[in-house]
Every structure is written in C-alpha cells, then in structure tokens.
Amino acid sequence: MGTKGREIVGEHIGRVLELLNKAYADEWLAYYQYWVGSKIVEGPMKDAVIAELLQHAADELRHAEMVCTRIIQLGGTPLTNPKQWFAETNCGYEEPTDKFVKMILEQNISGEQCAITTYNSIIQEIGLKDPVTYNLAVQILQDEVEHEEDLQALLEDLGVFLKRQ
Ligand code: FE
Ligand code: FE
Ligand code: MG
C-alpha cells in the first residue's frame with residue numbers, strides 16, 4: 001500500500017512516525033482539556049468562552065484525525081492506549097482544577113504556545129525530507145496560531161470586563 005509514497009520518505013520514516021505519534025498524543029490531550037473545560041468553566045463571559053473552547057476542541061480532534069491518517073499512510077500504528085498519551089506527549093495536560101474563566105483561558109493559552117513550539121520544531125526538523133508531513137504540520141500550525149490569538153483576545157476582553165466591575 002502506498003509504496004512510492006513511503007519510499008520518498010525513505011530512511012526518515014521511523015523518526016517521522018515518532019514525531020507524529022507524539023503530536024497525536026498532544027492532540028488528544030488538547031481535545032480533552034478544551035472539551036472538559038467547556039463543561040465546567042464558570043464566571044463572566046461564560047457563553048463566549050464555551051463557544052470558543054468547543055470550537056477549539058473540535059479542531060484538536062480534527063488534528064488528531066489528520067495526524068492519524070498520516071501515521072497510517074506511512075505504515076505506522078497510532079498509539080492504541082490512552083496511557084501512552086502521557087508517556088509520549090510534548091505539551092502534557094493541565095487539569096482545570098480552577099473553574100474560573102481566566103484560569104481556564106490561561107491554561108489553554110499555554111497549551112497552544114506549546115503546540116506552536118512543537119509544530120514549528122517538527123517543520124524545522126522534517127523540512128523537505130517528507131513534504132507531505134511538512135505540509136500537514138504547517139496546516140496544523142496555522143490553526144494553533146489562530147487558537148492562541150482567539151484565546152488571548154478573549155482574555156483581553158475579560159480583563160476589560162473585570163476592571164469595569
Ligand atoms: Fe491541535
Ligand atoms: Fe490548538
Ligand atoms: Mg477559535
């Protein structure tokens with residue numbers, strides 16, 4: 001299956017698969033962090049925050065799907081046990097122990113900043129050794145940059161709101 005498509009990646013397949021599975025773990029953890037955050041968040045501007053968190057959760061799940069598709073194309077196997085997510089993740093998981101909007105937003109902003117750093121380094125490392133994965137990482141990076149900006153804009157609006165109370 002896809003023999004020529006794999007052949008062009010050649011000797012780099014092992015490393016590319018390693019990077020992809022680590023990103024795959026990140027995406028699932030990011031998905032859950034957003035999703036559960038949207039369920040428990042409390043405080044001002046809650047509805048706007050919930051809408052954004054749910055939209056981002058859907059994006060992270062779509063990223064997991066994109067990364068998984070590439071892993072399979074390269075002949076690899078996506079992590080099959082959620083326990084492996086914690087062993088492989090670059091960005092970890094920040095448990096939303098404080099439900100206040102500001103805390104939830106700040107945790108997710110730091111998650112996005114880690115995702116930006118991670119995809120940028122994947123892009124730098126892979127370069128033209130695997131143009132398909134490179135393109136995938138660029139597409140995902142564009143979303144992560146947008147996510148960071150959306151959350152920082154919400155945090156800024158929230159700051160104005162809180163100051164006027
Ligand atoms: Fe993502
Ligand atoms: Fe994101
Ligand atoms: Mg958004």
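Here, residue 1 is the first one in the sequence, and each next residue gets the next number. What you see below is based on every heavy atom in this structure, not just the backbone, and it leaves out hydrogens, waters and symmetry mates. Read the numbers this way: they start at 1 and go in the same order the structure lists the ligands and their atoms. For clarity, every value in this text was computed on a predicted model and none was experimentally measured.
Minimum interatomic distance between N120 and L141 (heavy atoms only, all atoms of both residues): N-CD1, 4.4 Å. Among all heavy-atom pairs drawn from N90 and C114, the shortest one is O-SG, 4.0 Å. Nearest heavy-atom pair across A115 and C91 is N-SG, 3.6 Å.
Ring planes of Y34 and H56: perpendicular class, angle over 60° (limits at 30 and 60°).
Using modelled atom types, one finds no donor on one side chain facing an acceptor on the other under 3.5 Å when comparing Q107 with Q33. A donor and an acceptor atom, one from each side chain of D130 and H12, are nowhere located under 3.5 Å apart. Side-chain contact of H63 with E144: a donor-acceptor pair under 3.5 Å is present, judged by distance alone.
The main-chain N or O of V41 is never found under 3.5 Å from a side-chain atom of K99 such that the two would form a donor-acceptor pair. Formation of a donor-acceptor pair under 3.5 Å by the R70 side chain with backbone atoms of L20 is not found in this model.
Note that CD of E60 is 8.5 Å distant from CG of N108, once rounded to the nearest 0.5 Å.
Counting backbone and side-chain atoms alike, E148 contributes no N/O/S atom closer than 2.8 Å to the Fe ion (ligand 2).
For the Mg ion (ligand 3), protein N/O/S neighbours under 2.8 Å (waters excluded) are E52 OE2, H56 NE2, D150 OD2. By the criterion of a separation under 2.8 Å, the protein N/O/S atoms near the Fe ion (ligand 1) amount to E27 OE1, E27 OE2, E60 OE1, H63 ND1, E144 OE2.
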